[in-house]
2 protein chains.
Amino acid sequence: MRRITPNNTRTTCKQCSIVCRCLGRNLSAADIEENLGISGCARVLHKQEHLFDMHQPFHSLYIIKSGAIKTFSTTHTGEQQVLGFHQPGEILGLDAVNSRYATTAVALTTTGVCALNKDEVTRAMRRSSAFLEQIMEHYRQELFQEKRMLTVLARKDADQRVATFLLSQIRGCDFFNHSQAELTLPMSRSDIGNYLGLAPETISRVLRRFQEAQLIVVQRNRVNKINSAGLYSMAGESVWLDECSCKQRQCAS
Amino acid sequence: MRRITPNNTRTTCKQCSIVCRCLGRNLSAADIEENLGISGCARVLHKQEHLFDMHQPFHSLYIIKSGAIKTFSTTHTGEQQVLGFHQPGEILGLDAVNSRYATTAVALTTTGVCALNKDEVTRAMRRSSAFLEQIMEHYRQELFQEKRMLTVLARKDADQRVATFLLSQIRGCDFFNHSQAELTLPMSRSDIGNYLGLAPETISRVLRRFQEAQLIVVQRNRVNKINSAGLYSMAGESVWLDECSCKQRQCAS
DNA sequence: CGTTTCCTTGACGATTCTCAATTAGGGTGG
DNA sequence: CCACCCTAATTGAGAATCGTCAAGGAAACG
């Protein structure tokens, strides 16, 4: 276990009070931290450092404050299956089964997280039925997203998968008011391919084709001059539309 | 809306008191009906009849008593994506988002269900923290299963997907003590292919190849002489292993 | 500055899809 | 009870997509 906690002092981390990313849309860190008085424990992960490992006892939830996290499962032959890329505002660990983490979470870059004790969250749920309902709705949203991903893998070709993926990444950035014209991909081509059920070479080729089609400009991990509308029609179906409309609603409120 | 309710009298349906299928393994119908005093409303669906439709207001949960149900989502181009096949003991409707059903559920054959009012279940959750925890664990298990399905779609070839699918169907039957040597598939080849991200022709061809390899004997919707061990190794990875071990545990208790 | 890792690009091959024709089953009506 | 019809399943041939293998190059790291 490579695990370093440079900033492990127990403290209510106000930085956590950012509106949760769309994926956890009606469950915000602010709800957890401020309304319910749960204090978090700040922690910084270096690149490739594990936040938690599959099968490990479940003890904490984590809110991502900065950076990026990849979650994956490991088959008994040792292969990895990337299951998601997570951005600031997202909550990790809620899918722990039988009190053990169902996935491994690893930092793709230097990442700040806020740890929340499992039992404190449980107590808070008992106290506040509104908070409980938010947690439940979060689960339902997660299930909904996984079903969307199933649809992507079952129905879409390589171009559509990559376009869908890029749009999902843009959305996350956009939510924090980054320019939609630029995007940094903290994960490798292998990771993207693994996530989308494609070979890494295919990711390269699709990105090059997108560039030739004037949809993006790619420079290694940087994606510039993004033609969102073009990607959107390339993705074939408004896979993330509901999320985006949801985001707008949340930003307005 | 084709909706017929031959047996719509409000009654506590004791038939619902069957141990929930593995997929909802620690959330049993017995827990809901007997321990918490929630009464269900029996209903019989004819083949192809809809139990609920995507986007419809969420009002009830349903426990499948007999028959088989297919759930799917519809894209805005009108295409269907099959998301699951559900057997007696399973609970449907818990994934409703924003108080609307996230999928459409349709009977694949004559099917008996037990309807549970959403608000009654919510009240029961508030009363019993044990029940609440069961519901939460159910969500986590569902998320875990969806992630497994993602792995199947992202990593496995046609043979492995079909073998995995057949094993998942056997498991459900086995749980109700049917012979493992025979299996009835209530869904069409198109449905299977849609679910697995394959063309219906591919399903036919794979089943024929399995038959030539002495793994099964196929006669339209009937599958006989199933070599579970062979299918298991064909599936490539112990995708449903955890579930099966869970099943054994539950049966023992 | 060298080494390592990741990305890119090409050529080839395999799996799977599409299209089309044929066959089998189930249901209906005479 | 049989004949017919209609849907679903099967099977084949050809094409397209994507994966695999291998080589080269660029960025990052120590």
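A, B, ... follow the sequence lines: proteins, then strands. Residue 1 opens every chain.
The nearest pair of heavy atoms linking A:Lys65 to A:Pro88 is O-CB, 3.5 Å. Closest non-hydrogen pair, B:Thr151 versus A:Ser73, comes out as OG1-OG, 4.3 Å. Of all heavy-atom pairs between B:Gly236 and A:His76, the closest is O-CE1, 4.4 Å.
For the side chain to side chain contact (heavy atoms under 4.5 Å, CB included) criterion with A:Lys70, the lone passing option out of A:Gln80, A:Met187, A:His86, A:Gln48 is A:Gln80.
If you take CD of A:Gln48 and P of D:dC29, they are 10 Å apart, rounded to a whole angstrom. Distance B:Asn221 CG to D:dT7 P: 17 Å, rounded to the nearest Å. Distance, B:Leu185 CG to D:dA9 C1': 13 Å, rounded to whole Å. Straight-line distance from the CD1 atom of A:Ile192 to the P atom of D:dC18: 16 Å, rounded to whole Å. Taking atom CZ of residue A:Arg222 and atom P of nucleotide D:dA27, one finds them 13 Å apart after rounding to whole Å. One atom, CD of B:Gln219, and another, P of D:dT10, lie 11 Å apart when rounded to the nearest Å. Atom NZ of B:Lys47 and atom C1' of D:dA8 are 10 Å apart (whole Å).
Side-chain contact annotation: B:Thr104 with B:His50, donor-acceptor N/O pair under 3.5 Å absent.
Protein chain A contacts DNA chain C from C:dC6 to C:dA11, reading 5' to 3' and using non-hydrogen atoms of the protein with a distance under 4.0 Å.
Partners of B:Thr109 under the side chain to side chain contact (heavy atoms under 4.5 Å, CB included) rule, at least two apart in sequence or in another chain, are B:Ala68, B:Thr111. Contacts of B:Ser66 classified as side chain to side chain contact (heavy atoms under 4.5 Å, CB included), with partners at least two apart in sequence or in another chain: none.
Taking for each of A:Asp157 and A:Arg220 the nucleotide of DNA chain D with the nearest heavy atom, the 5'-most of the two is the partner of A:Asp157.
Remark on the helix from C:dC1-D:dG30 to C:dG30-D:dC1: inter-end axis angle 50°, axes from five-pair C1' superpositions, rounded to 10°.
Ring geometry for A:Tyr101 versus A:Phe52: interplanar angle under 30°, hence parallel rather than tilted (30 to 60°).
By the 4.5 Å heavy-atom criterion applied to side chains, A:Tyr195 and A:Ser190 are not counted as neighbours.
Counting any heavy atom pair closer than 4.0 Å across all strands shown, B:Gly193 reaches no nucleic acid atom.
Within residues 200-211 of chain B, the residues that have a heavy atom under 4.0 Å from DNA chain C are, in order of number, B:Glu201, B:Thr202, B:Arg205.
Residue pairs meeting the salt bridge (charged side-chain N to carboxylate O under 4.0 Å, His left out) criterion with at least one partner in residues 206-219 of chain B, sequence neighbours excluded, are B:Asp159-B:Arg209, B:Arg208-B:Glu212.
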Please determine whether side chain to side chain contact (heavy atoms under 4.5 Å, CB included) holds for the pair A:Leu166 and A:Ile226, giving the CA-CA distance in whole Å, both sets of side-chain angles, and the decisive distance to 0.1 Å. CA-CA 9 Å; A:Leu166 287 175; A:Ile226 298 165; over 6 Å; no

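The side chain of B:Ser188 has D:dA8 as its nearest neighbour among D:dC18, D:dT10, D:dA8.
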